[in-house]
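As a basis for the values below, the full set of heavy atoms in this structure was taken, side chains included, without hydrogen atoms, waters or symmetry mates. By convention in this document, chain letters (A, B, ...) are assigned in the order of the sequence lines, proteins followed by strands, and residues within each chain are numbered from 1.
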Amino acid sequence: MRRGTFVRWGVPIAAAAVIGAAIGAGPVIAAVSGEPALPERSAAQLLADAVAATNKEGGAAPMSGTVQQTSSLGLPALPSSGSASPLSLLSGSHEVKVWFGAADKLRVAMPTQLNETNLILNGGEGWYWDSATNTATKLTIKKGDTHTPATPVPQPSDLTPQQVAERVLAHADEHTAVRVINNAEVAGRPVYQLVLSPKEEGSLVQEVRIALDGETYVPLQVQVYAKGSAEPAFQLGFTQVTFTPPAAENFTFTPPPGAKVEEKTIGLEDMRGKQAEQHAEHAERVASEAKVVGDGWASVAVIPFSLSDLTAAATGTPDASATPGGPGEHFGEGADPQALLDSVLKSATPVSGTWGSGKLIKTKLVTALLTDDGRLLVGAVTPEEITKAAGTK
Amino acid sequence: MSTAESATSTATRRTPGLVPVTETMRTTERTEEPATDHPAAGPSGPSAPSGRRSAARATWAFWRLLGSELGLTFRRPRNLVMLAVLAAVPVVIGVTLRLVGGSDDGMGGIIQAVAGNSLMLTFVSFSFLVLLLMPVAISVVAGDSIAGEAGGGTLRYLLAAPAGRTRLLAVKYLNAVVYAYAVTAVVALSALLTGLVLFPAGPVTLLSGTTIPVLDGLVRIAITVGYVGAGMAALAAIALALSTFTEVSIGAIAGTMVLVIVCQVLRAIPELGSITPYLLPTKFTNFDAVLRSPIDTGALADGLLTFGAYILLFGTIAWARFSGKDITS
Amino acid sequence: MTAVMQEAGAPFGAAPPSGDAIVTEGLTKRFRGGQVAVDALDLAVPRGSVFGFLGPNGSGKTTTIRMLLGLVAPTAGEYAVLGLPQAEALPKVGALVEGPAFYPYLSGTANLMRFDAADPYAVRGTVRRRVEEALERVGLSAAAGKRYRNYSLGMRQRLAIAAALLGPRELLILDEPTNGLDPQGTREVRALVKEIAADGTTVFVSSHLLAEVEQMCTHAAIMRAGRLVAQGTIASLNGGLVTRIRVETPDEPGAARVLGSLGLAEVRIEGGQVLAELGGHAPEQINAALVGEGVAVRGLAVVRPSLEDVFVGLTGEGFDVDG
């Protein structure tokens with residue numbers, strides 16, 4: 001009887017172990033897989049291969065998959081804004097589906113509970129569909145400007161790893177130690193991981209890892225690790241990916257009957273409409289007055305700023321840091337920047353020093369200092385570094 | 001009595017129920033006799049292992065017990081009332097939407113879509129009902145399954161019949177699964193009929209903005225019924241497991257409901273976002289994957305795997321508990 | 001069937017295992033609280049017997065029955081029912097355990113059909129006939145369509161017995177079958193048990209009523225506080241004690257003298273009565289001798305030992321009916 005009891009309870013325990021193994025297996029195997037699945041490469045070789053692969057005729061390979069973005073920046077709890085808002089990307093975990101047919105064929109869908117927003121680009125035409133408002137917006141993209149790049153379409157840019165990877169790669173210079181890991185796995189595919197570690201002491205960034213598909217060299221994942229944290233503070237990558245051309249109907253869109261249909265023409269200059277243009281102008285003015293203190297990873301942006309400007313600039317702030325360009329503005333509908341600011345400012349600590357006084361906002365990756373003399377200092381650096389930068393007038 | 005006698009008798013009785021060789025031979029010989037009212041008793045013994053025939057009989061007996069179980073479940077007024085209430089909810093939702101349908105301010109897209117297409121009412125009804133009402137109905141039936149029999153004392157007679165513990169548990173679980181699918185199907189049918197009466201039929205607009213023919217829409221409703229039913233079956237496994245731990249059925253039912261509500265609360269806390277994907281109720285609403293174009297099979301498969309894991313875990317817990325439980329009620 | 005006489009604790013083995021309907025060896029149940037309900041029980045119930053399982057309430061009778069039916073797992077010891085593995089034995093066993101329990105919202109017929117469905121060996125085709133027969137046997141045919149909820153206590157008890165009789169049984173285990181029955185019902189149950197036993201079915205009846213067991217049973221076992229006190233045929237259980245003769249007379253010394261002269265042992269006077277061991281003497285001769293000696297006899301009775309006397313003799317305690 002007693003022995004039988006142990007045998008019987010062994011069954012659910014075994015079941016739990018199997019389930020636990022199934023849940024844990026993915027990440028664990030990816031993390032500890034000993035056998036390098038790919039031949040060794042130096043960083044330079046890898047980048048060259050990657051560039052070669054991207055410059056191939058026809059551009060990047062057709063693909064589709066699910067991209068997941070996770071942030072744990074250590075921001076104070078944000079007021080709940082629309083779930084599809086870009087502000088919501090600053091915390092928690094988000095998923096989008098991506099179908100990429102060719103340079104001018106793209107569909108990005110953001111599924112939420114019983115709702116879905118879609119961006120479909122096909123040639124010069126595009127549709128933005130929001131099931132929550134039952135609105136289809138026809139986007140006509142102006143062509144012909146001489147300085148328009150060959151692909152005038154915003155890439156899956158803000159939501160696929162490509163552009164993020166490019167941006168981080170641009171930083172790779174004498175400030176960065178670069179190495180390559182060849183035994184990692186992303187979305188079940190063997191990948192090369194390009195690991196960039198800042199050399200500057202004052203940086204909050206431990207390292208940035210960019211995973212390139214071992215076969216196609218498409219960036220599959222970007223991870224940013226903050227110092228003193230085992231989990232990435234920011235992660236954007238495919239959780240599932242296939243390199244087969246997606247079905248054609250993904251790139252065609254006919255507004256459903258009964259839907260509101262709006263039209264918008266988008267040039268590169270006024271991509272984000274009139275209102276956004278004003279913001280852009282404002283941002284441009286701010287940019288011209290801004291300056292950068294420090295080098296490399298420890299650089300701090302110093303921007304003239306005042307609290308009264310805050311509300312006006314608020315809409316621009318998240319775009320400047322995370323989602324420049326693209327139809328981000330649409331995703332942002334319904335967000336309340338004022339509420340966000342209030343909650344952020346509430347968590348700010350007052351600081352003072354020889355440079356003056358101000359309010360310090362600290363997250364895992366970014367530190368911001370709002371000085372009382374009207375400057376905003378932002379950088380991926382420690383508070384000490386930023387107050388040092390505040391002293392440099 | 002001699003020592004030798006004692007030794008043999010002890011040897012043959014070492015294991016309870018061990019059949020002495022002579023006895024087995026005797027009963028085997030008897031199997032040639034024609035089947036009586038009750039082949040187990042009387043001349044022909046149940047130990048007649050005439051291969052396929054006894055396996056077939058065991059299968060029939062299993063279905064007979066399941067039939068008896070279903071008869072109890074679907075004749076019990078309480079369970080029928082729950083079905084009726086659940087069938088009424090889509091009607092109420094439909095009528096409400098029809099009445100306020102004119103003003104479109106403040107309404108979500110999906111609700112607006114109902115006004116445009118009758119089939120959408122099914123999905124809206126599910127999105128409300130899977131949160132609480134359907135789980136209530138399923139946990140009442142599954143939570144009562146073992147605990148109710150134990151509380152009423154009928155469990156001892158069933159097991160002495162002998163129903164067999166594993167067999168009875170399997171029948172009880174299948175019964176709960178059938179009820180779960182009955183609930184799901186009743187909601188879908190009620191919503192479909194209400195929708196057809198109150199709203200125009202025609203091509204269905206999906207969340208992705210694409211439009212599909214009515215027939216395709218019906219197929220997607222069928223997939224939804226399959227998926228939601230599986231989710232409810234997973235919940236039934238939890239209720240069944242709790243049911244084996246108590247002789248008070250209300251305890252098992254309330255326990256299951258508390259778990260569901262706690263999960264819903266946990267889901268609402270953004271800081272706990274990392275655990276929500278593992279909570280069962282999170283997956284109930286994944287049926288909206290059928291409303292996307294193409295159908296988000298990944299989300300459905302993910303949900304079904306989760307259901308399978310819950311069924312496996314709680315099914316084995318229920319078995320481990322029930323097969324070793326002392327029935328003292 | 002050989003009658004088995006055994007004293008408590010004696011190893012069994014007088015009859016081969018296949019000859020016994022129920023055999024237990026050191027059967028022990030200790031509940032989680034540490035309370036020992038059944039302690040090293042060695043029971044042998046011969047086939048064809050009507051076996052009384054006697055003991056005050058709480059002496060472990062029901063727990064023993066639950067173990068035999070596989071409802072409760074023994075802590076130690078072994079048992080065999082009908083010499084078969086449990087799953088094969090139980091279909092041949094009809095049981096009434098600790099009172100009736102049915103679905104209150106079902107009729108008597110529907111309740112019996114339900115339990116018949118639980119038996120994997122029952123044949124579906126004959127269930128209607130078998131249910132009707134069982135109900136008729138316990139006299140419930142008239143109330144067959146009534147909901148169980150509306151049954152009286154006696155009807156419920158009868159329905160439980162009917163459930164035990166659904167199929168042809170080799171062994172019937174009846175736990176307190178006359179509980180809640182009126183005298184008429186009690187008589188009917190006794191008659192039913194005799195009738196069933198006459199068909200060759202072994203009947204195992206537990207009871208806390210000495211008289212019931214004495215009247216119904218061929219064999220008995222006596223339990224006290226989880227332990228077996230004695231078991232054997234009713235005759236052998238009584239046989240250990242002597243039969244006495246009791247003479248009611250105003251002339252006690254005279255009667256005592258006559259009894260002594262006849263050679264009866266243990267003559268003693270108890271207020272208006274003279275008692276003596278009967279031995280091999282015929283009561284009528286004793287009466288004639290008393291009258292012949294001029295002793296006025298108001299009454300004369302042969303006092304046979306009862307199971308209660310057996311119980312008192314073995315345990316030194318009274319048989320507490322209310323347990």
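Between atom CG of residue A:Asn118 and atom CZ of residue B:Arg292 there is a gap of 9.0 Å, rounded to the nearest 0.5 Å. Separation of atoms CD1 (A:Ile120) and OG1 (B:Thr210) is listed at 7.5 Å; rounding is to 0.5 Å. Rounding to the nearest 0.5 angstrom, the gap separating the CG atom in B:Asp288 from the CG atom in A:Asn115 is 9.0 Å.
Side chains of B:Ser208 and A:Arg107 form a contact here, defined as non-hydrogen atoms less than 4.5 Å apart. Taking 4.5 Å as the limit, every side-chain heavy atom of B:Leu206 sits out of range of all side-chain heavy atoms of A:Ser131.
The environment of A:Glu231 atom CD is sparse: at most 12 non-hydrogen atoms of other residues, nucleotides or ligands sit within 6.0 angstrom. When the shell of 6.0 Å around CD1 of B:Ile269 is examined, it contains more than 12 heavy atoms from other residues, nucleotides or ligands.
Partners of B:Asp216 by side-chain hydrogen bond (donor to acceptor under 3.5 Å, both in side chains), not counting sequence neighbours: none found. For the ring pair (Phe, Tyr, Trp, His ring centres under 6.0 Å) test, no residue two or more places apart in sequence or in another chain qualifies with A:Trp99.
Of the atoms belonging to A:Trp9, heavy atoms from both backbone and side chain fall under 4.5 Å from chain B. Residue B:Pro203: no heavy atom, backbone or side chain, is found under 4.5 Å from chain A. For a residue to count as touching a neighbouring chain, one of its non-hydrogen atoms must lie under 4.5 Å from one of that chain's; by this rule A:Ala109 does not touch chain B. Using a 4.5 Å cut-off between heavy atoms, B:Asn286 does not touch chain A at all.
Within residues 301-314 of chain B, the residues having any heavy atom less than 4.5 Å from a heavy atom of chain A are, in residue-number order, B:Ala309, B:Leu312, B:Leu313.
Minimum interatomic distance between B:Leu207 and A:Trp129 (heavy atoms only, all atoms of both residues): O-NE1, 2.6 Å. For the residue pair A:Pro256 and B:Gly209, the shortest heavy atom distance occurs at CD-O, 3.4 Å.
Every pair passing side chain to side chain donor-acceptor pair (under 3.5 Å) that includes a residue from residues 311-323 of chain B is listed here, sequence neighbours excluded: A:Arg8-B:Ser323, B:Thr166-B:Trp319.
By number of non-hydrogen pairs under 4.5 angstrom with chain A, the leading residue of B:Thr285, B:Thr205, B:Thr211 is B:Thr285.
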